[in-house]
Amino acid sequence: MADTISSTISPEGSLEILSQHEVNRLHDTSRTGLHDLLRSCALAVLNSGNPTDDGLALMETYPDFDIEVLQQDRGVRLKLTNAPAEAFVDGKMIRGIREHLSSVLRDIVYVYNEIQTHHRFDLSTAEGTTNAVFHILRKAGTLKPSRDPSMVVCWGGHSISREEYDYTKHVGYHLGLRELDICTGCGPGAMKGPMKGANVAHAKQRRHEGRYLGVSEPGIIAAEAPNPIVNELVVMPDIEKRLEAFVRLGHGIIVFPGGVGTAEEILYLLGILLHPDNADMELPVILTGPADSADYFRRIDEFLVYTLGESVRRLYDIIIDDPVEVARTMRKGIDGVTEYRRARQDAFYYNWRLTVARDFQEPFEPTHDSMAALALHREQPVHELAANLRRAFSGIVAGNVKERGIRLIEAHGPFRLSAEPELMARLDELLNSFVAQNRMKLAGDYVPCYTLG
């Protein structure tokens, strides 16, 4: 039986009062209510520090946990029932966990009221979506107009080897020595390591305002609680807006070893940078890992060059087993970003100039119809091919490792793709290499979930 504590706390931060309508929505347990979402995210936050990526198992461990929002004369209070005892010290909630809990509540309320049910933003357009992302970030206080470019976005797997995790810490350490900050998906693995390393380096450099920014979304928060080092947390409403937040906030991006999800993120990033409007964009991108991960990046590099052309290599550097060189290259790249934006009088805190096409903003739901409709050929602009490859990649991964995708395949057979045979053979080869490297979570052997039409 897990140890629990019941307590009533005040939120940490700017959320002080809510309307009665907002409180009612947070109490509503129906399909359209917000209570279940708040409960699952809150429980994950309170379980911060305990490595798990199984939200269902966490709920089963704390079946009697509940959270209630109380509106009082002096502001909001949170009543927690049977919360994980690890979130408290001598009966008092750890301050960082209280901050994360308050951030989750703030963003759930704001997104519902101002984004999802408000006509202020036209989310069917690129401009409306980009503005919505900006306003969510501004509400969270993550936009810092007075600071020079320093934010390095770090992507990679949450379930990586110890050697790869230690490598991410070494890279983060050398980034921190060069007074660079870290932005990640805020979970474990490659998202936690760079922050730990940078935290030590910032202490040595007496950088008292080091930033460890976590950008997540409810489904991720519920499965992977924010790591304790995160000192700024913002919750985006979906994966697409989360990814756009990364590329607009970041002044440089580092990709560590991961699995299929990491490869999909690489396609997202390069697809954006390949858009003709972004031809002169300054955004340093580095793919890096220890010596044992060299084959992971070699395979990805070969696939990218075959599908998107040799010129795609100008958009990224691959640096293997050299944390110092990674940090030096990133520092130089961000200095270039500073000069680029200053010359054009662009904001340092949000990359308005970057074009993010609708193909990269619209959620993709893998079904037999949507997969069959994908244009997978090289007789189209490379940024459009990258968008469709990302969708195909997402669908193939879903059909092998995600519950809904697996059920679709069981019910209706493999997805049917109309594609160039050689292109799909290359994709199949890439996925098989991930299996061989134990980078795909599979119950049994890998069996392709698609056929060529």
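For reference, positions follow the sequence shown, starting with 1. The structure displayed is predicted, hence computed values, not measured ones.
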For [X], which residues count as a salt bridge (charged side-chain N to carboxylate O under 4.0 Å, His left out) partner, sequence neighbours excluded?
X    : value
E68  : none
E302 : R298
E217 : none

Would you say the side chain of [Y] lies within less than 4.5 Å of the side chain of [X], judging by non-hydrogen atoms?
X    : Y    : result
V255 : T288 : no
V356 : R248 : yes
M191 : C186 : no
L177 : H174 : yes
V230 : N227 : yes
L283 : I253 : yes
F393 : L430 : yes

Roughly how far, to the nearest 0.5 Å, is CG of L267 from CG of L308?
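The distance works out to 7.0 Å.
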Exercise. To the nearest 0.5 Å, tell me how far N231 CG sits from S103 OG.
Key: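 Answer rounded to 0.5 Å: 10.0 Å.
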| field | Residues that H27 engages under ring-ring contact (aromatic ring centres under 6.0 Å, His included), provided they are two or more places apart | value |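 H27: no ring-ring contact (aromatic ring centres under 6.0 Å, His included) contacts found.
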| Which residues share a ring-ring contact (aromatic ring centres under 6.0 Å, His included) with Y350, sequence neighbours left out |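 For Y350 the ring-ring contact (aromatic ring centres under 6.0 Å, His included) partners, ignoring immediate neighbours, are F134, W352.
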[X]-[Y] side chain donor-acceptor pair, cut-off 3.5 Å:
X    : Y    : answer
Y349 : H251 : no
H383 : N278 : no
E244 : Q361 : yes
R439 : T262 : no
N47  : E86  : no
Y167 : D321 : no
K204 : Y173 : yes
E164 : S293 : no

Worksheet item: Which pairs with one or both residues in residues 385-396 pass salt bridge (Lys or Arg N to Asp or Glu O under 4.0 Å), sequence neighbours excluded?
Response: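 Passing the test, one end in residues 385-396: E240-R390, E264-R390, D359-R391.
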[X] side-chain N/O to [Y] backbone N/O, donor-acceptor pair under 3.5 Å:
X    : Y    : value
D301 : F297 : no
H202 : L180 : yes
T4   : A83  : no
R242 : P237 : no
R25  : L34  : no
T142 : R138 : no
Y296 : G259 : yes

If you compare all heavy atoms of L269 against all heavy atoms of W155, which two are closest, and at what distance to 0.1 Å?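 That closest heavy-atom pairing would be CB-CZ3, 4.0 Å.
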Contact summary for V337 and P284, nearest pair of heavy atoms: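 V337 and P284 have their closest heavy atoms at CG2-CD, 3.6 Å.
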Show your reasoning for whether side-chain contact (heavy atoms from CB on, under 4.5 Å) applies to V104 and S102.
CA-CA 5 Å; V104 167; S102 302; over 6 Å; no
Could [X] and [Y] be called an ion pair, given the rule that one side-chain N must be under 4.0 Å from one carboxylate O?
X    : Y    : value
D295 : R299 : yes
K139 : D107 : no
D181 : R147 : yes

**Prompt:** Yes or no on side-chain contact (heavy atoms from CB on, under 4.5 Å) for R353 and Y340, after CA distance, side-chain angles and deciding distance?
**Reply:** CA-CA 11 Å; R353 184 179 290 268; Y340 175 90; 3.4 Å; yes
Chi angles and distances behind the side-chain hydrogen bond (donor to acceptor under 3.5 Å, both in side chains) call for R77, S10:
CA-CA 5 Å; R77 301 269 284 170; S10 297; 2.8 Å; yes
Self-check item: Worked check of side-chain contact (heavy atoms from CB on, under 4.5 Å) between V312 and L270
Solution: CA-CA 8 Å; V312 73; L270 297 181; 4.0 Å; yes
side-chain contact (heavy atoms from CB on, under 4.5 Å), that's the test. Do R211 and I182 meet it? Break it down for me. CA-CA 6 Å; R211 301 185 67 191; I182 307 295; over 6 Å; no
Applying side-chain hydrogen bond (donor to acceptor under 3.5 Å, both in side chains) to T129 and R358, what does each step give before you reach the verdict?
CA-CA 9 Å; T129 301; R358 285 298 295 164; 3.0 Å; yes
Could you tell me whether R95 atom CZ has more than 12 heavy atoms of other residues or ligands within 6.0 Å of it?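 No.
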